[in-house]
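Okay, structure first, notes after.
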Amino acid sequence: MNAIPGEGEIRAGKLAPIYFLHGEEEYLLEAQRKLFFDNVVDESLAAFNRDSFHAEDLKGEELFRLAASFPMMAERRLVLVRGLERASASLLDQLLVYVENPSETTCLVLCAGKVDMRKKTFKTLKAKTQSHEYTRLKVDELPQWMIAHLQQAGFTLTRQDSLVLAGQLEGAPLRMVVGELDKLMLLAEGQGRSQINSEDLACALGVDAEASPFHFADALLARNQRGALAILKQLQNRPDSVYIVLPTLHRSFGRQWYIAGMKQRGMGSKEIAEGLGLTAWQVRGAMTHTARWTSSSLAQACDLLLEADFAVKGGSPLSSNVILTKLVLDLCRT
């Protein structure tokens, strides 16, 4: 199974002069890059001894000069190159020269996506460096990987449930798998559990339900967490869903807030409908939710919606799926 190779040696500073990391599983490649980035050079000296480049921006002679340079006030320097599959011919030619006599005080990390291993440069790198390929996990490897990933975060998943989840996620990139695991952890954490169970899976994987932003808003106003998550699962299959869902929630919860305030002032359904320009059936539908929400809890809900809107527009490193799942859990317990 794919893993970070030589993790213990890297953390201990026992490094090879050149590493060649390649493959289509970007999530694992990124984890490996971060391991080198965090451990090869002391952070206090990183400005002098750590360089990171994209291959298409790097000339062959420049890489040769950097890799051959001595570290400053440190045992070694780190030179990390991404996207080697997009490197120029001159850069690849210089690599063939450097591989024959690499610097012992430089750790050169070469990263590439899927490459043609029949090409001379890549064939040589595989033969003469510490090389590792990151391929997509097979469906029979995925359950154990997910169990281990969750354990690192303090959560548990049974073997049987891991097989169910793996069947749903077969062939998906690990970044997507991690997004699904993040949602499962949020569900369990919201219930005060560290054990992810079959009910969490049912919510995360989705069940049959009418799936529209309006049904989603109604489920949230009814504090129907399970129903809301099931609808959200189906909405997330639409690429533009996040840009439709949040405006609908803003309108629905904002309107509910106004209705709650009007009701507190003693206004009836007819007056509320006229005041807000709504139909009688719209007001009747909103009035069914008034027992579940106070003006203060609706104000808090609107604040949560604003935070989620900021997050999906780039204010958070989390995916929109995770942000919206967290929003559901927060709204249902507000």
Side-chain angles (χ1 to χ4, degrees), residues 183 186-193 199-200 202-204 206-236 238 240-316 318-334:
K183 289 191 286 185
L186 282 171
L187 287 169
E189 188 176 42
Q191 298 294 322
R193 293 184 276 104
E199 289 187 3
D200 299 328
C203 289
V207 295
D208 289 336
E210 292 182 275
S212 76
F214 303 101
H215 288 107
F216 183 53
D218 282 342
L220 287 172
L221 286 168
R223 294 184 185 273
N224 178 3
Q225 176 178 297
R226 186 182 183 87
L229 287 170
I231 295 171
L232 177 61
K233 178 66 179 179
Q234 296 182 51
L235 289 174
Q236 286 169 344
R238 307 173 191 176
D240 61 345
S241 63
V242 67
Y243 305 109
I244 301 171
V245 166
L246 284 172
T248 301
L249 294 182
H250 279 293
R251 287 194 298 271
S252 297
F253 276 83
R255 183 173 65 192
Q256 191 71 34
W257 190 8
Y258 275 108
I259 289 173
M262 291 177 172
K263 186 179 179 183
Q264 283 183 338
R265 294 196 296 272
M267 299 175 67
S269 298
K270 186 176 180 181
E271 291 174 284
I272 292 173
E274 291 174 351
L276 293 179
L278 301 175
T279 63
W281 71 265
Q282 285 177 311
V283 173
R284 283 197 298 271
M287 295 290 272
T288 63
H289 300 308
T290 53
R292 301 183 180 92
W293 297 90
T294 63
S295 290
S296 61
S297 65
L298 285 164
Q300 186 181 355
C302 289
D303 286 339
L304 290 171
L305 288 169
L306 287 173
E307 292 172 8
D309 189 61
F310 173 76
V312 299
K313 290 176 179 175
S316 169
L318 299 175
S319 69
S320 60
N321 287 358
V322 173
I323 292 167
L324 290 177
T325 301
K326 185 177 185 302
L327 177 64
V328 170
L329 302 180
D330 288 341
L331 288 174
C332 288
R333 63 172 174 249
T334 299

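The figures that follow rest on heavy atoms only: side chains count, while hydrogens, waters and symmetry mates do not.
A side-chain donor-acceptor contact under 3.5 Å links S252 to the backbone of T248. In this structure a side-chain-to-backbone donor-acceptor pair under 3.5 Å is present from E271 to G268. Remark: the backbone N or O of R223 is not paired with any side-chain donor or acceptor of R292 at under 3.5 angstrom.
Rounding to the nearest 0.5 angstrom, the gap separating the CD atom in E307 from the NZ atom in K326 is 7.5 Å. From L249, atom CG reaches atom CZ of F216 across 5.5 Å, with rounding to the nearest 0.5 Å. In this structure, CG in D303 is found 12.0 Å from CG in D330, a value given to the nearest 0.5 Å. Atoms CG and SG, on L221 and C332 in that order, are 9.5 Å from each other to the nearest 0.5 Å. A distance of 10.5 Å separates CG in N224 from CG in D218, rounded to the nearest 0.5 Å. Note that the OG atom of S295 and the OH atom of Y258 stand 12.0 Å from one another [nearest 0.5 Å].
Residues E189 and L329 are not in side-chain contact: their nearest non-hydrogen atoms beyond the backbone lie 4.5 Å or more apart. Proximity of H250 to D309: side-chain heavy atoms (C-beta onward) are separated by under 4.5 Å at one or more points. Proximity of K233 to L229: side-chain heavy atoms (C-beta onward) are nowhere separated by under 4.5 Å. Counting only heavy atoms from C-beta outward, the side chains of L327 and L246 approach each other to under 4.5 Å. The shortest distance between side-chain heavy atoms of F253 and L331 falls below 4.5 Å.
Shown are Q191, R193, K183; of these, the side chain to side chain donor-acceptor pair (under 3.5 Å) with D200 is made only by R193.
Between A228 and L220 the shortest heavy-atom distance is CB-CD2, 3.7 Å.
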